[in-house]
Each structure stands twice: as structure tokens, then as C-alpha cells.
Amino acid sequence: MAVVAAAAGWLLRLRAAGAEGHWRRFRGVGLARGFLHPSATVEDAAQRRQVAHFTFQPDPEPREYGQTQKMNLFQSVTSALDNSLAKDPTAVIFGEDVAFGGVFRCTVGLRDKYGKDRVFNTPLCEQGIVGFGIGIAVTGATAIAEIQFADYIFPAFDQIVNEAAKYRYRSGDLFNCGSLTIRSPWGCVGHGALYHSQSPEAFFAHCPGIKVVIPRSPFQAKGLLLSCIEDKNPCIFFEPKILYRAAAEQVPIEPYNIPLSQAEVIQEGSDVTLVAWGTQVHVIREVASMAKEKLGVSCEVIDLRTIIPWDVDTVCKSVIKTGRLLISHEAPLTGGFASEISSTVQMFNYAICCVELPLYGKPCSIL
Amino acid sequence: MTRAPEGDAEPRPRLPAVVTGHRRHPQHSMKKMLAVFISRVLRRVAQKSARRVLVASRNSSNDATFEIEKCDLHLLEEGPPVTTVLTRAEGLKYYRMMLTVRRMELKADQLYKQKFIRGFCHLCDGQEACCVGLEAGINPSDHLITSYRAHGMCYTRGLSVRSILTELTGRRGGCAKGKGGSMHMYTKNFYGGNGIVGAQGPLAEAFNMAALWKLPCVFICENNLYAMGTSAERAAASTDYYKRGNFIPGLKVDGMDVLCVREATKFAADYCRSGKGPILMELQTYRYHGHSMSDPGVSYRTRDEIQEVRSKRDPIMILQDRMVNSKLATVEELKEIGTEVKKEIDDAAQFAISDPEPRLEELGHHIYSSDSSFEVRGANPWIKFKSVS
């Protein structure tokens with residue numbers, strides 16, 4: 001609730017930006033600072049524990065991919081991996097503890113079904129896991145590496161950034177490790193603390209040559225993971241661990257693809273664009289419905305899905321329509337990916353606003 | 001004299017370590033044998049050379065047998081053989097290859113000082129026996145990956161001198177189209193050329209995985225005694241690198257003797273091919289240049305030391321003496337090869353400095369594999385490059 005309220009609190013600050021439109025209604029109304037705060041007074045807030053909250057909002061059952069089954073996030077990942085190993089004889093899955101099914105049960109049953117040469121454990125060495133994965137991918141096999149928690153990916157950072165990302169470029173397309181996919185549980189889970197909660201997507205966003213993808217739901221996860229595995233570039237697929245069990249919805253049994261580098265407009269709106277990814281999408285959806293209900297604000301909610309290369313067009317088009325942008329993510333604020341989105345949007349929309357302001361009649365403000 | 005053909009070839013049969021040579025004229029053999037014996041005895045009495053160049057048979061222009069240094073072993077019962085047969089054809093090939101690498105590196109040094117080559121340049125002159133001996137011991141279908149001191153291996157793996165020097169000068173005729181430079185040269189079954197190298201953690205992880213899964217991998221340490229500017233004694237708690245594989249067997253090899261490297265490599269490759277798992281080879285060698293062109297190479301070692309290695313252990317000189325003394329080749333023949341190599345290098349250098357640079361449009365290619373081209377920013381945010389792959 002507090003997180004939702006904090007996000008909604010940002011919306012309130014639009015008053016100060018001098019924006020036009022609906023916001024004029026609130027000027028002079030003199031809303032208390034703690035208007036949307038659940039607690040009685042603002043002074044109590046410092047003493048209260050901030051508890052993570054969100055409600056998973058399933059999407060409607062997809063009809064176009066055949067028969068569906070209720071799956072949670074880890075089951076949808078297992079289904080995607082099962083589909084991959086079935087249709088690609090060179091696909092292998094490896095990582096710490098994947099053989100028995102994985103610490104989050106994402107690889108349950110796969111070793112029995114496909115054999116120990118295709119689903120196997122590695123020693124405890126992330127750098128070795130990714131390095132080994134790069135090597136296998138260079139030979140042409142489809143390598144699906146698991147890093148047990150995204151917090152542990154940093155020993156492999158050199159391999160990812162200096163080797164995997166640059167392999168194709170530095171050899172002039174003679175070699176590549178495009179068939180490498182790295183999967184890793186990501187994001188806060190409530191009890192994870194320092195080393196089981198991190199969201200490191202911003203570190204990798206700084207690196208051309210790789211793709212970083214984060215799904216918000218089981219249906220999204222299976223389609224995006226299959227696209228990552230089939231993509232000809234090394235991909236990192238972060239799975240929000242808090243959704244492994246908490247998120248369940250109807251997911252097609254057969255394989256299907258969701259395109260990478262395409263953001264999804266989950267909900268259309270006209271007053272403000274809200275961008276998020278992973279678990280935070282559900283927080284933002286709740287914010288959007290609260291804003292509609294309490295403030296009469298129509299929010300357009302966008303799930304970014306692919307962090308790099310990100311869908312600049314969808315976000316910018318939306319901001320041109322609404323004139324306002326709010327980006328929300330779990331990762332730390334400084335240097336987080338929101339800063340890249342906001343600076344890019346400001347660059348494009350500043351140009352557009354300067355040139356086309358008379359046509360649109362709307363100033364642009366970014367939070 | 002032709003080099004090993006490119007592409008897959010039949011695995012080279014292992015030469016037997018026989019002591020007798022091939023005879024051309026059997027009817028004169030007895031008289032010749034006696035003459036050989038006497039002259040050998042006299043020669044042995046006269047010579048006090050530190051170099052062990054013992055010839056067991058004479059008067060054969062086609063091959064000769066040599067003794068090579070015994071390798072120190074770690075976790076191995078047996079090592080490579082201590083004698084080997086060198087045919088004339090092989091000898092001339094190795095000589096030509098080593099001389100080509102030597103001259104190519106010296107030409108690269110010259111071009112660097114003339115500022116035709118920019119950036120980083122790590123030369124391997126002095127270490128020619130390592131790359132040539134290694135290639136002699138493996139098949140073209142084996143896979144090789146190395147560090148930044150790679151020019152010699154680029155050549156032995158099949159890239160022409162012209163494509164290497166042109167890549168160093170950054171022109172479009174280079175093997176990486178001018179975009180890779182010294183540290184990023186690749187060809188079939190050769191994965192570079194790598195600028196990023198890690199010595200401790202990643203290596204230990206690789207050793208562990210290779211041993212655990214019995215991967216057929218030969219780990220080679222070209223020990224030229226200096227880690228950039230730090231001597232081995234000051235950088236390593238244990239300088240017995242061939243033992244650093246711990247649970248992986250290892251060999252210590254005389255890396256200045258191309259035949260020793262060849263035999264050790266064959267031994268190591270056979271070991272791996274038989275399914276016993278990985279093996280480690282330490283090649284004891286020396287580099288004449290500094291770590292890179294920005295390192296004079298004399299602030300952490302003396303010129304005397306460099307000169308001593310040049311005069312006593314130079315790999316090309318060792319092979320040359322062997323071949324001449326055992327009549328596998330004459331001094332004139334080798335000089336002739338030298339002249340041909342010089343011409344090849346000079347022609348290649350001429351091409352390397354006159355070839356045009358790659359087109360600027362290619363700068364952004366192959367960052368991602370993508371069905372449609374997209375734009376990337378360069379140093380100037382308003383100038384975009386199209387990226388195609």
C-alpha cells in the first residue's frame with residue numbers, strides 16, 4: 001500500500017509543474033499532503049515498516065495459441081524450456097542445481113525427460129557457467145544457462161559484457177554466441193535482503209550487443225523466453241521471483257512467441273503515461289485504477305518488457321498523446337533504467353514539442 | 001615449399017622415434033658408416049657445445065633424428081619421447097614459418113614506429129617455436145584460442161601475412177576487415193586473439209570444469225618469464241606453472257625448441273583424444289620485445305639477459321644449426337628461404353600501408369544480429385550509423 005501511495009503521491013506533484021488540463025481542478029483545493037497516505041498522519045510514516053505490496057492482475061485467457069492450462073510463473077518457464085528442448089536437439093540447460101528441478105522448480109522433470117546430457121548441473125561458478133555457455137553457443141548449440149539469483153550474476157559480468165556482447169562484432173560476424181540465453185530470478189521477494197533481491201537490469205542496459213527481457217506474468221514469460229532462446233543475440237531473461245508462485249493464469253501449452261523490443265500498452269489513457277516492467281507493472285496498474293477512481297486521472301499503462309533494445313517509439317508516441325510520463329522500477333533510483341527512458345523521451349519530445357507545440361497545445365513534463 | 005593446407009586434413013600419423021635414417025645408396029653404406037663413425041667421434045671430442053645436437057645417422061638428406069630435452073612431468077607416468085625424427089620437408093617448413101613470423105613481427109615493430117599501426121601491438125618474436133611447434137603437433141581441424149600475443153598463431157592457423165599486417169594497419173583488406181586490429185584476428189578454428197584475459201579465477205574455474213567433465217582440452221602456458229612488467233617470481237606464489245593445474249597432469253616443455261614443442265603437443269593432444277581429460281603444458285620461452293609496443297622491455301630486465309637468449313637459445317638459430325649440421329639443408333638454401341620471406345613480408349607491408357581504410361558505414365555492423373537494420377549512435381550523438389547483420 002505504501003508503495004502504491006508513494007507512486008500516487010508523485011502524481012500529485014504534477015500540481016507544482018504547472019500542467020494544464022485536469023490538474024487545474026486541484027489547484028486551490030488545498031489537498032493535505034497526506035491525502036493518499038493510508039496512515040493517519042505523515043509523521044508516523046517514518047516509524048512504520050514499508051512492506052512490499054502488489055496484487056497480481058492476470059491477463060484474459062489467450063485464445064489464439066490453442067489449448068491453455070493454468071500455470072504459475074515457474075510452470076510457464078518449465079513449459080517454455082520443455083518446448084525448446086523438444087524442438088531443438090542442440091538445446092541444453094545448465095546451472096547450479098538445475099538437475100533436480102532447480103531451487104525455484106523451473107526445470108522440474110526436464111532431466112528425466114531429455115537426459116543428463118541435456119540438463120545438467122555445473123559447479124558453483126557463475127563466471128564459469130556463463131563462459132561455458134558462451135563456448136557452447138559458439139559451437140552452434142542452444143545454451144540456456146541459469147544463474148541462481150540475479151544477485152550472483154556479477155562474477156559473470158565480465159563474460160557477459162566483454163565476451164558475449166562483443167563476440168559477433170569483434171570477429172566481424174565470423175563467430176557469434178547468439179544462441180546463448182541466461183535466465184535468472186530477479187527482483188524483490190520480501191525476505192531477500194541484500195543478496196536475493198536485486199534488479200540489475202540497469203548494469204546490463206549499458207552494454208550494446210545483448211538483450212535484456214523482463215516479463216510481468218506467466219503468459220508473457222513463456223512467450224518472451226521462447227523468443228529469447230530463438231533470438232540470434234545473447235539474451236538475459238530476468239524472472240521476477242516473487243511471481244513464481246503468486247502469479248497464475250491461463251497459458252498456452254504449445255509454443256508461441258512474443259516479440260522482443262516491443263512494449264505493450266496494457267491500458268489506454270489520455271492524461272499520463274505510466275511505464276514499468278516486471279512486478280512493478282502490477283503496482284502501476286493498481287496506481288492507475290486508484291488515480292482514476294480518486295483523482296479522475298486517465299492513465300496509459302505501458303509494460304516495457306524488453307529493457308534493451310527498448311521500444312522508444314511506443315513510449316514516445318504515448319507521451320506525445322498524454323504529455324506526461326512517470327516511470328517506476330524496483331531497482332535503485334540513481335542510474336536506474338528510468339533515467340535512460342526519461343532522458344531519451346525528453347530529447348525526442350522536447351524536439352517535437354518545440355516544433356509542434358502550436359499543433360498539440362500541450363507542454364511536456366517528465367517526473 | 002608449401003605450408004599445411006587449409007581446411008580439414010587427415011590426421012597426421014605419429015612418427016615413430018626410430019634411430020636409423022633413410023639410406024639412398026646401400027652399396028656404399030659400410031664405408032660411409034665407418035667414415036661417419038670416425039668423424040662423429042672426432043667431432044664429439046672437439047665440440048663442447050652446450051646445445052645437444054646429436055645426429056645418429058649421416059648422409060641422409062631426407063631426415064635426421066634429434067634428441068630433445070626431457071619434459072618435467074606432473075601427475076604423469078610417461079612423457080613425450082626424447083628423440084624425434086625431422087624430415088627435410090618438415091624442417092624447411094618449420095624454418096620458413098618461424099622466419100616468417102619473426103620477420104612479420106619485426107615489420108610490425110617498424111610499421112608501429114612509423115605510426116602506420118596504432119593502438120596496441122603485442123609482439124611474439126622469440127616465441128616462434130611455440131606457435132610453429134604447436135601447429136605441427138595438432139590438426140587443422142582442432143580448435144585454438146589464445147591471448148593478445150597472437151600474431152604468430154594467426155599465421156600458423158592459416159591467415160596470410162598480408163591479411164595480418166593489413167589488419168594491423170586497420171585497412172579493409174585485413175582479416176577482420178580492418179575493424180579488429182592486433183588483438184582481434186580470427187579464422188576457421190581459431191578464436192583469436194583476445195584482449196581480455198584472466199589469469200587466476202576464470203582459469204581455475206575452467207580447470208575445474210574441464211577435469212570434472214573430462215573435456216579434451218590442452219591448456220598451454222607460454223611462460224616468457226614476465227607478466228607484462230612483473231617477473232614471474234614476483235607475481236606468482238608458485239612458478240611451476242605446469243603444476244598449477246593441481247589435479248590436471250602437466251608438462252614442462254622447452255619452448256625454444258620447435259621439435260620439443262611439437263612432440264609435447266602431439267603427446268598432449270593424444271592424451272586428450274584418448275578421453276583421459278585435460279592436460280596442461282608450460283612452454284618455457286622468451287620474448288625479445290617488451291610486453292607491448294609501449295613497453296621498451298628493459299626497465300624490468302637487462303639488455304644482457306635479452307642478448308644472452310638471442311645468442312644462445314634463439315629458436316630459429318637452433319633449428320637452423322640442426323638442419324645444417326645434419327645436412328638436411330645447406331646454408332645457401334636457408335638464406336634463399338630468408339630472401340623469399342623478406343620479399344613476402346615487404347610486399348605484404350606495402351599492401352598494408354596502401355590499402356584503403358574500411359568504409360565508415362561499416363562501423364556499426366554486427367552489433368546485433370537483426371533482420372532489419374537499425375541505427376546506432378557513435379561518439380557524436382547526431383551522427384548515426386546503420387547497423388546491418
Side-chain angles (χ1 to χ4, degrees), chain A residues 94 116-117 120-136 138-139 155-179 207-211 230-235 259-261 306 308-309 312-313 343-344 347 351, chain B residues 143 145 159 163 167 172 174-198 200-213 215 217 358 362-372 374-378 381-382 385 387-389:
Chain A
F94 50 92
K116 60 181 173 53
D117 285 341
F120 53 90
N121 286 341
T122 59
L124 205 164
C125 54
E126 284 70 26
Q127 185 168 50
I129 291 170
V130 174
F132 175 79
I134 293 171
I136 287 195
V138 171
T139 67
F157 197 74
D158 176 59
Q159 289 292 314
I160 294 169
V161 168
N162 277 328
E163 306 294 327
K166 296 169 171 67
Y167 221 103
R168 187 187 294 276
Y169 184 83
R170 74 182 184 197
S171 68
D173 203 21
L174 188 60
F175 303 120
N176 70 82
C177 58
S179 55
C207 174
I210 54 171
K211 297 193 177 183
E230 288 158 26
D231 192 275
K232 295 191 176 53
N233 297 288
C235 296
L260 301 183
S261 297
T306 301
I308 51 155
V312 180
D313 285 349
S343 64
T344 306
M347 182 175 78
Chain B
H143 302 263
I145 187 167
L159 288 169
S163 67
E167 185 57 40
R172 64 178 72 167
C175 52
K177 306 188 183 76
K179 297 205 295 185
S182 168
M183 295 186 281
H184 306 111
M185 298 200 246
Y186 305 85
T187 187
K188 187 172 190 289
N189 294 335
F190 178 59
Y191 304 93
N194 285 280
I196 300 286
V197 293
Q200 312 277 7
L203 187 61
E205 292 188 356
F207 282 163
N208 184 46
M209 282 175 152
L212 190 64
W213 296 330
L215 303 177
C217 187
E362 290 178 37
L363 190 63
H365 290 344
H366 304 307
I367 297 174
Y368 284 100
S369 169
S370 177
D371 292 331
S372 55
F374 58 95
E375 290 191 321
V376 293
R377 287 180 302 212
W382 310 114
F385 301 99
S387 181
V388 169
S389 183

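Proteins get letters first, then strands, A, B, ... in listed order; numbering begins at 1 in each.
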>> To the closest 0.5 Å, what do you measure between CE (B:Met185) and OG (A:Ser171)?
In response: 14.0 Å
>> If I measure from the heavy atoms of chain A, does B:Leu203 come under 4.5 Å with its side chain, its backbone, both, or neither?
In response: neither
> For the residue pair B:Trp213 and A:Phe132, does the interplanar ring angle fall in the parallel (under 30°), tilted (30 to 60°) or perpendicular (over 60°) class?
Replying inline: tilted
> Do the side chains of B:Leu212 and A:Pro123 get nearer than 4.5 Å, heavy atoms only?
Replying inline: yes
>> Which heavy atom of A:Ile129 sits nearest to which heavy atom of B:Met209, and what is that distance?
In response: N-CE, 4.0 Å
> For the candidates A:Gly178, A:Pro309, A:Gly135, which exhibits the highest count of non-hydrogen atom pairs separated by less than 4.5 Å from chain B?
Replying inline: A:Pro309
> Can you name the side-chain hydrogen bond (donor to acceptor under 3.5 Å, both in side chains) partners of B:Asn194, sequence neighbours left out?
Replying inline: A:Arg170
>> Quick check on A:Gln159 against chain B: is it the side chain, the backbone, both or neither that has a heavy atom closer than 4.5 Å?
In response: neither
>> Please identify, among B:Asn208, B:Leu363, B:Ile145, the residue contributing the most non-hydrogen atom pairs under 4.5 Å to chain A.
In response: B:Leu363
>> Rounded at 0.5 Å granularity, tell me how far OG1 in B:Thr187 sits from CG in A:Leu174.
In response: 6.5 Å
>> At a 4.5 Å cut-off on heavy atoms, which part of A:Asn176 comes close to chain B: side chain, backbone, both, or neither?
In response: neither
> With sequence neighbours excluded, what pairs up with B:Tyr191 under the ring pair (Phe, Tyr, Trp, His ring centres under 6.0 Å) test?
Replying inline: A:Phe175, B:His143
> Contact part of B:Phe207 toward chain A, heavy-atom cut-off under 4.5 Å: side chain, backbone, both or neither?
Replying inline: neither
> Do you know which of B:Pro202, B:Ser370, B:Gly180, B:Ala176 has the most heavy-atom pairs with chain A at a distance under 4.5 angstrom?
Replying inline: B:Pro202
> Once you round to the nearest 0.5 Å, how far does NZ of B:Lys177 lie from CG of A:Asp173?
Replying inline: 7.0 Å
> Does A:Ile308 reach the side chain of B:Tyr368, with side-chain heavy atoms less than 4.5 Å apart?
Replying inline: yes
> Heavy atoms, side chains only, cut-off 4.5 Å: are A:Lys232 and B:Ser389 in contact?
Replying inline: no
> Is the backbone N or O of B:His365 less than 3.5 Å from a side-chain atom of A:Tyr169, with the two atoms forming a donor-acceptor pair by type?
Replying inline: no
> Do you know the tightest heavy-atom contact between A:Gly128 and B:Glu205?
Replying inline: N-OE1, 2.6 Å
> So what's closer than 4.5 Å to chain B heavy atoms on A:Asn162: side chain, backbone, both or neither?
Replying inline: side chain
> Around B:Glu375, counting heavy atoms of other residues, nucleotides and ligands shown, do more than 12 lie under 6.0 Å from its CD?
Replying inline: yes
